[in-house]
Amino acid sequence: MLLPETASPANVLVDLIDGVGVLTLNRPAVLNALDLATVRALTRQLDAWAHDPAIRAVLLRGSGERAFCAGGDVRALYELQRQGAPELVCYFDEEYALDCRIHRYPKPTIALMDGVVMGGGMGISQGCTHRLVTERTRMAMPETAIGIFPDVGASYFLSRLPPALGVYIGVVGDTLSGADAVASGLADRLVPSALFADLRALIATIDAEAWPAAPTQTKIPSLLTAPVLAAVERHFGHGSVEEILAALAGETDPLLRPWVERTQGLLAQRSPLMLCVTFAQLQRGRRLGLEDCFRMERTMMEYSFAHGDTMEGIRALLIDKDRNPRWRHRTVEEVGREEVEAFFG
């Protein structure tokens, strides 16, 4: 059985504006999620444009107003694993190759990260040279919630953030606003979403570095305020997940209680095994180059589907939707070091 490739070429719309190749993810009904057909269409067009003298840059965007890209087709991957289909690994091989290709692309690349940006959407945007977000951006790497780990190159781009902040974003998976994305280093510029309506004018703005004022109104409050950033540095810079949890429990500042309680609540919902695996992944990622990070994630993902909490997490949150995953461990204290090490081959 092959991964679904039912989409027509219209899954990715291709255009050329003032020498800039425009690739529009065109699956708005599923928040522009990446299936294998979309990954392949993006790869083919990027390869065709890489050395085309008529193309001076490439712009990536999502259709509709709800999402840039909300990730990959996790349901299809779940079914492939259930059937024991060897094609499961094909998706990750090709998706990771695409993500790495964008990081190494020989021309400027622009990502318009409007709306939801999660999982695979982070993979195709974080390697871009110009990462634009808006007042509608909702960005997250929430993989630990479904028993996975932040992949698509997160071992590389999260581990290049300030260490405690990278761990916080990867382990907790909370949602960031556009302003948060810029503050954390996951975006370069906060601009009004209205700017994206006229791509020709937007391209001229980028060429001239003539950026408009950032929007002052956002639909979701900024999470990473100065006090929260300081608290992240205090609590998420420890040497283990257990120490992080203990530090959060010991926070005494009443002004931080809402953030602490929210963070503790999210961590309580995550797979204890994958919290520990993600922590170890980011420690390793700091010492690895880009290609080695992707190779590590490829090994981790195959093991995760076969032996981790991934299948149970997907079942509970996306298939049966009972939102009651039966994780392999009740607490992070129950997770053995050898269990974590097994994910890395």
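Scope of the values below: all heavy atoms of this structure, side chains included, with no hydrogens, waters or symmetry mates.
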- Shortest non-hydrogen separation from E95 to G120 and the atoms involved: OE2-CA, 3.6 Å
- Distance in Å, L60 CG paired with L23 CG, rounded so as to fall on 0.5 Å steps: 5.5 Å
- Distance col, row H130:NE2 vs I110:CD1, nearest 0.5 angstrom, shows 6.0 Å
- Measuring from H51:NE2 to I55:CD1, what's the distance to the nearest 0.5 Å? 13.0 Å
- Item | L282 backbone acceptor or donor facing S159 side chain under 3.5 Å | no
- Message: Looking at M113, is its backbone amide N or carbonyl O close enough to the side chain of T137 to form a donor-acceptor pair, meaning the two atoms are under 3.5 Å apart?
- Response: yes
- Message: Is there a path of hydrophobic side-chain contacts, each under 4.5 Å between heavy atoms, that joins L275 and L248?
- Response: yes
- Between the side chain of R138 and the main-chain N/O of D114, is any donor-acceptor distance below 3.5 Å? no
- Task: Kindly determine whether R104 and D99 satisfy salt bridge (charged side-chain N to carboxylate O under 4.0 Å, His left out), including the steps that lead there.
- Result: CA-CA 9 Å; R104 299 301 194 203; D99 297 336; over 6 Å; no
- D52 and K107 ion-paired at < 4.0 Å: no
- Item | Heavy-atom pair of closest approach, residues P142 and M118 | CG-SD, 4.1 Å
- Which atom of C293 lies closest to which atom of L288, heavy atoms considered: SG-CB, 3.8 Å
- Task: Say whether, by atom type as modelled, one donor and one acceptor occur between the side chain of N32 and the main chain of S63 under 3.5 angstrom.
- Result: yes
- Same apolar cluster: V172 and L256, side chain cutoff 4.5 Å: yes
- Query: Are the side chain of E297 and the backbone of A154 linked by a donor-acceptor contact shorter than 3.5 Å?
  - Reply: yes
- Message: Looking at W327 and G313, would you say the former's side chain and the latter's main chain have a donor-acceptor pair under 3.5 Å?
- Response: no
- Note on the structure: Interatomic distance, CZ@R40 vs CG@N11, rounded to 0.5 Å, equals 13.0 Å
- Message: Tell me whether the rings of F92 and F305 are parallel (<30°), tilted (30 to 60°) or perpendicular (>60°).
- Response: tilted
- Flag, side chain of T38 to backbone of L34, donor-acceptor distance under 3.5 Å: no
- Task: Using the side chain to side chain donor-acceptor pair (under 3.5 Å) rule, collect all pairs that involve residues 307-316, keeping only residues at least two apart or in two chains.
- Result: S271-D309, S304-T310, E312-R315, R315-D320, R315-D322
- Message: By the salt bridge (charged side-chain N to carboxylate O under 4.0 Å, His left out) test, which pairs, at least two apart or in different chains, include something from residues 170-197?
- Response: R131-D188, D174-R262
- Transitive ILVMFWY side-chain link L165 to L158, under 4.5 Å: yes
- Message: Do E94 and T43 pair up side chain to side chain, a donor and an acceptor below 3.5 Å, judged on atom types alone?
- Response: no
- Any chain of hydrophobic side-chain contacts (each under 4.5 Å) joining L190 to V116? no
- Message: Check this for me: does any side-chain nitrogen of one of D18 and R200 sit under 4.0 Å from a carboxylate oxygen of the other?
- Response: yes
- Task: Please determine if R298 and D151 form a salt bridge, counting it only when a charged side-chain N lies under 4.0 Å from a carboxylate O.
- Result: no
- Message: Could you see if Y156 belongs to whatever hydrophobic cluster contains Y105? Use Ile, Leu, Val, Met, Phe, Trp, Tyr and a side-chain cutoff under 4.5 Å.
- Response: yes
- Under 3.5 Å donor-acceptor, Y303 side chain and F344 backbone: no
- Message: Are there over 12 heavy-atom neighbours, none belonging to R82, within less than 6.0 Å of that residue's CZ?
- Response: no
- Message: Distance check, rounded to the nearest 0.5 Å: L13 atom CG versus R61 atom CZ?
- Response: 8.0 Å
- Is the closest basic N to carboxylate O distance between R284 and E341 below 4.0 Å? yes
- From L59 atom CG to L132 atom CG, the distance as rounded to the nearest 0.5 Å: 8.5 Å
- Identify whether the distance between the nearest side-chain nitrogen and carboxylate oxygen of D47 and R44 falls below 4.0 Å. no
- Task: Determine yes or no for a side-chain-to-main-chain donor-acceptor pair under 3.5 angstrom, with T134 supplying the side chain and V191 the backbone.
- Result: no
- Task: Any chance you could lay out the side chain to side chain contact (heavy atoms under 4.5 Å, CB included) test for V332 and L267, step after step, and finish with the verdict?
- Result: CA-CA 10 Å; V332 296; L267 288 170; over 6 Å; no
- Query: More than 12 foreign heavy atoms under 6.0 Å from CZ of R66: is that the case here?
  - Reply: no
- Query: Would a 4.5 Å heavy-atom cut-off, applied to side chains only, mark L112 and L199 as touching?
  - Reply: yes
- Task: Might you work through the side chain to side chain contact (heavy atoms under 4.5 Å, CB included) test for D253 and E251, ending with a clear yes or no?
- Result: CA-CA 6 Å; D253 186 343; E251 176 59 65; 3.1 Å; yes
- Can you see which heavy atom on G173 is nearest to which on A140, and at what distance? O-CB, 3.9 Å
- Query: What is the ring orientation for H235 with W259, classed by angle as parallel under 30°, tilted 30 to 60°, or perpendicular over 60°?
  - Reply: parallel
- Query: Hey, does I319 have a side-chain heavy atom less than 4.5 Å from the side chain of Y78?
  - Reply: yes
- Message: side chain to side chain contact (heavy atoms under 4.5 Å, CB included) for I148 and M274? Distances and angles first, verdict last.
- Response: CA-CA 6 Å; I148 314 182; M274 299 317 296; 5.6 Å; no
- Task: Could you pull out the closest heavy-atom pair between G237 and A164, with the gap in Å?
- Result: N-CB, 3.7 Å
- Message: For the backbone of T225 and the side chain of S222, can you confirm whether one donor and one acceptor N or O come within less than 3.5 Å of each other?
- Response: no
- Query: Considering residues at least two apart in sequence or located in another chain, which fulfil the side chain to side chain donor-acceptor pair (under 3.5 Å) criterion with E65?
  - Reply: none
- Query: Side chains of D15 and T24: is there a donor and an acceptor less than 3.5 Å apart?
  - Reply: no
- Between I169 and F157, is a side chain to side chain contact (heavy atoms under 4.5 Å, CB included) present by the stated rule, with each step listed? CA-CA 11 Å; I169 293 171; F157 61 76; over 6 Å; no
- Message: Assess whether a salt bridge exists between R328 and E339, defined as any Lys/Arg side-chain N lying under 4.0 Å from an Asp/Glu carboxylate O.
- Response: no
- Salt-bridged, E334 to R330, with N to O below 4.0 Å? yes
